[in-house]
Amino acid sequence: MSLKIIERKVLSGERLTEEDAILLFKSDDLLTIGELAHYVSRKKNSDYVYFVVNRHINPSNICINRCRFCAFSKDKGDSGAYTLTIDEILERTREAMALGATEIHIVGGLHPELPYEFYIEMLRVIKREFPAVHLQAFTAVEIDYFSRISGKSIGDVLLELKEAGLGSLPGGGAEIFEKRIRERICPEKITGERWLEIMRTAHRLGIRSNATMLYGHLEDYESRVHHLSLLRALQDETGGFQAFIPLAFHPKNTRINGANYTTAIDDLKTIAVSRLFLDNFPHIKSFWIMLGKKIAQLSLLFGSDDLDGTVVEEKITHSAGAMTDEFLPKGELIRLIRKAGKIPVERDTLYRIIRIYDGADDHQPENNKK
Ligand code: V47
Ligand code: SF4
């Protein structure tokens, strides 16, 4: 089927419909879709490609939800179950800070016994030693859990976390909003409506967040587009999302029967359609951990403008069969971006520019010279 009508819409800045997005997903014309998405990406971010020097920390893999697609989680007492102490979390943060990190990304399981105060204390202790670090912590699923274990409202939990040092929310836990699929892949998890409601509350309180979509399991194109459509509608309302990150499902050690690894074609097409459909999202991020370095690099020509970061330690995807490294040095991120013909830009979590690497005369913004 011809993409001419969609092409015309994209070039004139007209918003795509759900039917358009489904048609794009069903099309085999990946190069045209990628070219259009690249055009939109350049219009939004010129040739800048962002990255952040960060570290992921997963405080515990013990989780009461046990989502069927999750190979990371364990029951208490299982071999391999762990819970870090606040000292251990602080030590990992110190290591990251010594490597120049500006962001610590903290997500974990819903632990059956740790009290709400543990999480507040964790943020406080890190911020006491490193006041400048940005803590991107706790998915909407964890925020909901903190509300349940503390008996406080979502708004009060978010405000207390913010007061303790929370900077923004990561985009995890969204998975696929459509009920029919969600019940098959993560029956115990909060609903899609609840996820969106928590993000709405966070945005209203001035806490920015990301959004994700887990693809490549049991969902179809219609459920992907339904997911994107709900995100776009909430973004119209709040403007609080910074980046959208499509997460490629990894099947190893999971309980999703018959699922396979995603293909390069699907990865690139999902990024491109996301860029085209989510016209109100400033950034589309390629999480190189899940895509692999090479597809992540290629995705920069298919609509993505962000490679995430140095990461250092990654457990969620690596429990499910990821073959990537866990750490990419900053120099390697810069090389991948440059070799794609793009300009590497080190950013902080809120997309403020730290340094532009645009050639011999790599510079820092005037107001940000160190
Ligand atoms: O919510 C779990 C996903 C997410 C698997 O906001 C899996 O910048 C693939 O959300 N295969 C957590 N994915 C990670 C996440 C994230 C990562 C990087 C950056 C940001 C950001 C957010 O990982 C979970 C779930 O959707 N996940 N199991 C799996 N087997
Ligand atoms: Fe728990 Fe998150 Fe894994 Fe689900 S995806 S089992 S909520 S850690």
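All figures in this text were calculated on a predicted structure; none of them were measured in a lab. Indexing begins at 1, ligand by ligand and atom by atom, following the structure's order.
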(message) Below 4.0 Å, non-hydrogen atoms only: which portion of Ile245 touches ligand 1? Side chain, backbone, both or neither.
(response) side chain
(request) On the 0 to 90° scale, with breaks at 30° and 60°, tag the His105-His56 ring pair as parallel, tilted or perpendicular. (result) parallel
(message) With 2.8 Å as the threshold, which protein atoms of type N, O or S lie near atom 3 (Fe) of ligand 2? Leave waters out.
(response) Cys70 SG
(request) Decide if the gap between the ring center of Tyr145 and the ring center of His111 is smaller than 6.0 angstrom. (result) no
(request) Starting from atom 10 (O) of ligand 1, find the nearest protein heavy-atom neighbour and note its residue, name and distance. (result) Gly172 CA, 3.0 Å
(request) Provide the number and element of each atom of ligand 1 under 4.0 Å from a heavy atom of Gly171. (result) 6 (O), 21 (C)
(request) Assess the pair Tyr261 and His250: is the distance between their ring centroids shorter than 6.0 Å? (result) yes
(message) Tell me the protein heavy atom at minimum distance from atom 22 (C) of ligand 1, and give that distance in Å.
(response) His105 CE1, 3.8 Å
(request) Assess Ala71 for proximity to ligand 1: is some non-hydrogen atom of it under 4.0 Å away? (result) no
(request) Could you tell me whether ligand 1 has any atom less than 4.0 Å away from a heavy atom of Ile316? (result) yes
(message) Using a 4.0 Å heavy-atom cut-off, which part of Phe72 comes near ligand 1: side chain, backbone, both, or neither?
(response) neither
(request) Considering the heavy atoms of Lys189, write down every atom of ligand 2 situated less than 4.0 Å from one of them. (result) 4 (Fe), 5 (S), 7 (S)
(request) Just go through Pro251, Ala320, Ala248 and tell me whose heavy atom is the nearest to atom 9 (C) of ligand 1. (result) Ala248
(message) Under 4.0 Å, heavy-atom basis, I'd like to know which part of Phe287 is in contact with ligand 1: side chain, backbone, both or neither.
(response) side chain
(message) I want to confirm something. Looking only at heavy atoms, which of Thr254, Leu247, Asp306, Val311 is nearest to atom 3 (C) of ligand 1?
(response) Leu247
(message) To check you understand the geometry: which heavy-atom pair defines the closest contact between Phe281 and Ala211, and what is its length?
(response) CE2-CB, 4.1 Å
